[in-house]
Every structure is written in structure tokens, then in C-alpha cells.
Amino acid sequence: MSALKLFDNKYMFTVENQATGSSFQVEKNEIILDGAMSNGIGFPYGCRNGFCGKCKATLIEGEVDYKDGVPPGLSAEEVADRMILPCKCSAQSDLSIVLTELKSVADIEVRTLPCKVDKIEHLNHDVAKVVLKIPGNEALQYLAGQYIDLIHPDFEPRAFSIANAPHNTGLIELHVRLISGGKFTNFVFNELQEKSLLKIEGPKGSFYLRETSEKPMIMVAGGTGFGPVKAMVEHAIESNAQRKIDIYWGARTEQDLYTDLPQTWAKEYDYINFIPVLSQADEQWQGRTGYVHEAVLADFETLTNYEVYACGPPEMVRSAANTFVKKGMFENNFYNDSFDFAYQAGQS
Ligand SMILES: Cc1cc2nc3c(=O)[nH]c(=O)nc-3n(C[C@H](O)[C@H](O)[C@H](O)COP(=O)(O)OP(=O)(O)OC[C@H]3O[C@@H](n4cnc5c(N)ncnc54)[C@H](O)[C@@H]3O)c2cc1C
Ligand code: FES
């Protein structure tokens with residue numbers, strides 16, 4: 001066993017993919033797919049449960065262990081041919097494998113999957129956290145920042161960003177803002193129950209964390225635009241990227257900042273900085289005021305060396321795009337999701 005023994009009796013092994021030259025470290029009993037994901041390496045997967053075979057790789061050298069025995073997604077012939085399912089096994093030595101990695105978002109299959117409402121939690125007066133569980137042996141592969149369409153037979157599909165990092169893809173967290181007069185969001189707030197069945201279609205969109213870049217990042221969120229920012233920051237923390245992240249979160253009033261999570265990150269990680277900005281602050285508010293994109297413009301002399309991720313109301317995203325370019329931001333370093341609404345009032 002060639003391994004690096006750490007001070008707390010954990011063994012680390014190296015997994016090398018001969019097909020791409022990528023390599024990463026995993027702990028002895030860590031699932032190999034989890035190790036790849038937390039290192040930002042695009043291993044493909046479907047169910048994450050040993051059934052679908054989508055994560056299949058060939059083991060060239062080394063030993064793996066399946067805690068609950070060889071999973072059903074591998075036939076006896078495949079086992080004899082040294083195929084492995086990284087979603088179910090851990091490394092017992094350094095490994096050399098061959099596997100086709102995902103090169104871009106286009107390589108991820110868009111799927112329609114049933115899901116059950118696991119939890120609905122009201123985070124403030126008009127934002128609810130809706131957690132969906134994908135039943136059985138299925139999981140959704142996505143990149144941090146992407147969105148799904150939520151499908152209910154009585155409505156046209158509605159887009160919501162995934163608010164959790166792709167490490168626990170059996171669960172999908174959404175931050176849903178109630179739209180006054182909005183058909184679907186009123187249904188979510190007033191009628192949708194835990195254990196209800198829905199469908200999701202995704203993942204969708206090109207708003208996702210660019211993991212190969214080393215540029216410092218500015219994340220600008222408006223309202224529930226914080227959801228995908230949360231997914232990206234959680235993923236950056238999990239993959240120990242250590243890139244500087246300035247998070248600007250704009251809202252009308254203090255109660256619209258519906259979670260303390262960014263404050264907690266800023267205390268815990270010295271590469272994360274958090275600036276909340278209120279456009280309708282009361283006298284008690286000691287922090288920044290005005291529009292969130294204006295706070296960014298005031299704080300940075302130039303945006304030339306930054307990657308900017310902006311997400312939320314269309315007017316916020318538009319203002320950021322127009323003004324940041326004048327401050328030196330390169331257009332191809334600007335990634336955004338604008339929370340437009342696809343359906344006019346009167347339609348379902
Ligand atoms: C890519 C993408 C990702 C999104 N992610 C999220 C998310 O993570 N969280 C979230 O809360 N929302 C998100 N949205 C917006 C969300 O899809 C809409 O708010 C939702 O579809 C509204 O549905 P509804 O049936 O309640 O409103 P509808 O009945 O469709 O609309 C009623 C009326 O409300 C107004 N309206 C609708 N949506 C909005 C809006 N977003 N802003 C302002 N006015 C609106 C319009 O006047 C519309 O005619 C996202 C949108 C897109 C395109
Ligand atoms: S068998 Fe489905 S992801 Fe591994």
C-alpha cells in the first residue's frame with residue numbers, strides 16, 4: 001500500500017486518470033467519485049448508487065473496496081475486465097484508472113426526473129427553502145450555479161436555481177421567492193406540501209463556477225440570486241479552491257437577507273469577504289446602502305483581473321453588465337443568470 005499517512009491516522013491515496021492526466025487525493029474510505037467532485041474533476045455519473053453504470057471506469061492498477069459488495073451496475077464480465085464504479089467504491093491503495101471525464105457543461109445530460117418534496121422551510125416573509133429528494137437510485141449531475149425547471153401538471157415549467165453544491169445530489173435545494181400574483185410561487189407557498197410529487201428537468205444554463213480559473217471572483221447576488229451563489233461558494237470551499245471571493249448581496253431591507261451563511265463563511269475563511277447592500281435600509285442599518293452593483297463599482301478601482309458572477313433580477317444583472325465593462329471587466333469574464341420570467345400573467 002503506497003499511501004501518505006496523515007497525523008490523525010487517515011490514509012490518503014492518489015487517484016490518477018490515465019485518459020486525461022488528472023489526479024487527486026482521496027482518503028482511504030472516501031468514495032472515489034466524491035473525491036473527484038470535491039477536487040473539481042468532472043467524473044460523469046447518474047444514480048450515484050451503483051445501478052446505472054454511468055460512472056464506469058477501468059482500473060489499471062491498484063485496489064478498490066465496495067463496502068456493500070459489488071453493485072448491480074457491474075456484470076460479472078465487467079468485474080473480470082477490471083471495470084469499477086467510482087460512485088460506490090473507495091481506494092485501498094494508489095489507483096490508476098481510465099475514464100472519460102466531462103469536458104464542458106454540454107457533456108452533462110439534461111434529464112427529467114421525478115422528485116418528492118422533502119422539506120419546505122420559510123426563511124423569511126417571502127422566501128422559502130424547498131428541498132427536493134430524488135427517489136430511489138437516481139441523482140442529478142450538475143455544476144454549481146446551474147438551474148432546473150420545476151414541472152407540475154397544472155403549470156408551465158418554472159426555472160429555479162439549485163442552491164446547494166453538487167456533493168449531495170440526492171437532494172436539490174431551491175430558494176423560492178413569492179411573486180405577488182405569481183401563479184406557481186403562490187402555489188408553492190400556499191398549497192405545496194411535504195411529500196408531494198413533482199418533476200424536475202435539468203441541469204440547465206451556463207451560469208456555473210469556472211473551476212479551472214485562478215482569477216479572484218466577485219459574486220453579485222440580488223434577492224434569491226443568492227441561491228446559486230451559495231452553491232458556487234459551497235463548492236469552492238469543498239474543493240479547497242482558496243480563490244479570493246467577494247460576495248455582494250443586494251436586497252431591499254435587512255429581513256430580505258434571509259440567511260446568515262455568508263457572514264459565517266467570511267468569519268471562517270480568510271479568502272471570503274461579504275458585503276450586504278440594502279436599497280431601502282432603515283435607520284438601524286449600519287452597513288452599505290444603495291444598489292448592489294454600485295457598491296462593487298465604488299470598491300474596485302478596476303475589474304480587469306476579476307471574474308464576475310451576477311445573478312438575480314434582470315435589471316440588476318443588466319446594470320452590472322453595462323457598468324462593470326466600463327470599469328475594465330472583460331465581457332468574457334462575466335457570467336450571469338437573469339431571473340427573467342418566462343410566462344406572461346394570464347397563462348398558467
Ligand atoms: C434561469 C432562471 C433561474 C431562476 N431561479 C430562481 C430562483 O432560484 N429563485 C427564485 O425565486 N426565482 C428564480 N427565477 C425566477 C422564477 O422562475 C420566477 O419568479 C417564477 O417563474 C415566477 O413564477 P410564478 O408562476 O409565481 O409567476 P407568474 O404567474 O409566471 O408571473 C406573474 C407575474 O409576476 C411577475 N413576475 C414573475 N416572475 C417574476 C420575477 N422573477 N421577478 C419579478 N416579477 C416577476 C410578472 O409580471 C408576471 O407576469 C429564475 C428564473 C430564471 C429564468
Ligand atoms: S452506477 Fe450510477 S453513477 Fe455510478
Side-chain angles (χ1 to χ4, degrees), residues 31-34 36-37 43-57 66 70-75 78 83-89 99 102 109 111 123-124 126-130 134 136-141 145-152 154-164 166 169-170 172-192 201-208 221-231 256 258 310-317 335-348:
I31 293 295
I32 295 167
L33 177 63
D34 293 348
M37 289 173 72
F43 276 25
Y45 62 84
C47 66
R48 289 186 82 177
N49 216 0
F51 282 86
C52 71
K54 282 202 179 131
C55 62
K56 234 173 255 175
Y66 295 97
V70 176
L74 278 183
S75 66
E78 287 172 326
M83 304 289 275
I84 59 166
L85 296 178
C87 72
K88 287 300 275 183
C89 62
L99 167 149
L102 302 168
E109 186 190 352
R111 304 164 76 203
L123 301 178
N124 70 7
D126 70 351
V127 177
K129 175 165 110 178
V130 178
I134 300 170
N137 302 316
E138 290 290 351
L140 182 75
Q141 177 156 28
Q146 288 191 288
Y147 73 93
I148 46 127
D149 275 334
L150 206 47
I151 301 170
H152 182 284
D154 296 344
F155 304 92
E156 291 291 333
R158 299 304 201 259
F160 293 97
S161 304
I162 304 170
N164 57 321
T169 41
I172 302 282
E173 175 182 328
L174 309 174
H175 296 176
V176 178
R177 184 167 80 88
L178 178 66
I179 299 291
S180 165
K183 289 191 175 62
F184 188 69
T185 54
N186 272 281
F187 167 78
V188 170
F189 271 69
N190 301 318
E191 290 175 56
L192 189 66
E201 186 181 274
K204 297 190 174 182
S206 54
F207 185 64
Y208 61 89
T224 44
F226 177 72
V229 164
K230 172 178 173 285
D256 296 318
Y258 54 81
C311 188
E315 53 287 8
M316 183 211 86
V317 173
Y335 307 104
N336 71 88
D337 240 355
S338 170
F339 284 3
D340 297 289
F341 37 95
Y343 305 98
Q344 296 305 314
Q347 285 185 268
S348 56

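Note that the numbering runs from 1 along the sequence shown for the chain. One-based numbering, in listed order, for ligands and for the atoms of each.
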Asp154 and Glu191: CA distance, side-chain angles, deciding distance, side-chain contact (heavy atoms from CB on, under 4.5 Å) verdict: CA-CA 13 Å; Asp154 296 344; Glu191 290 175 56; over 6 Å; no

Applying a heavy-atom cut-off of 4.0 Å, say which part of [X] lies close to ligand 1: side chain, backbone, both or neither.
X      : result
Ile179 : side chain
Phe184 : both
His175 : backbone

field: Point-to-point distance, once rounded to the nearest 0.5 Å, from CG of Leu178 to CZ of Phe189
entry: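 Those atoms lie 5.0 Å apart.
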
- line: Interatomic distance, CG@Leu140 vs CD@Glu109, rounded to 0.5 Å, equals 10.0 Å

Could you tell me, atom by atom, which parts of ligand 1 come under 4.0 Å of a heavy atom of [X]?
X      : result
Arg158 : 21 (O), 23 (O), 24 (P), 25 (O), 28 (P), 29 (O), 30 (O)
Ser161 : 3 (C), 4 (C), 5 (N), 6 (C), 7 (C), 8 (O)
Val176 : 11 (O)
Gly182 : 24 (P), 25 (O), 26 (O), 27 (O), 28 (P), 29 (O), 32 (C)
Arg177 : 10 (C), 11 (O), 42 (N)

task: With side-chain contact (heavy atoms from CB on, under 4.5 Å) as the test, would you mind laying out the steps for Asp149 and Arg158 before giving the verdict?
output: CA-CA 5 Å; Asp149 275 334; Arg158 299 304 201 259; over 6 Å; no

When only distance counts, is [X] in polar contact with ligand 1, meaning an N/O pair under 3.5 Å?
X      : result
Thr185 : yes
Pro228 : no
Tyr147 : no
Asp337 : no

message: Just to be sure I'm reading this right: ignoring hydrogens, which of Gly227, Ala163, Ala159 gets closest to atom 52 (C) of ligand 1? Compare them by their nearest heavy atoms.
response: Ala159

message: Tell me if the centroids of the rings in Phe160 and Tyr147 come within less than 6.0 Å of each other.
response: no

Phe207 and Tyr335 aromatic centres sub-6.0 Å: no

- request: Before accepting this row, confirm whether a basic side-chain N of the pair Asp256/Arg177 lies closer than 4.0 Å to the acidic partner's carboxylate O.
  value: no

query: Salt bridge check: are Glu156 and Lys183 linked by an N-O gap of less than 4.0 Å?
result: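 No, this pair does not count.
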
Examine distances only and state if a side-chain atom of [X] and a backbone atom of [Y] form a donor-acceptor pair shorter than 3.5 Å.
X      : Y      : value
Asn164 : Glu173 : yes
Glu138 : Cys47  : no
Asn49  : Phe51  : no
Lys88  : Gly50  : no

Within-2.8 Å protein N/O/S contacts of atom 2 (Fe) of ligand 2: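 Those protein N, O or S atoms (cut-off: under 2.8 Å from atom 2 (Fe) of ligand 2) are Cys47 SG, Cys52 SG.
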
- prompt: Does ligand 1 have an atom that lies less than 4.0 angstrom from a heavy atom of Ser338?
  reply: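 It does; at least one heavy atom falls under 4.0 Å.
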
message: Tell me whether the rings of Phe226 and His175 are parallel (<30°), tilted (30 to 60°) or perpendicular (>60°).
response: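 Parallel.
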
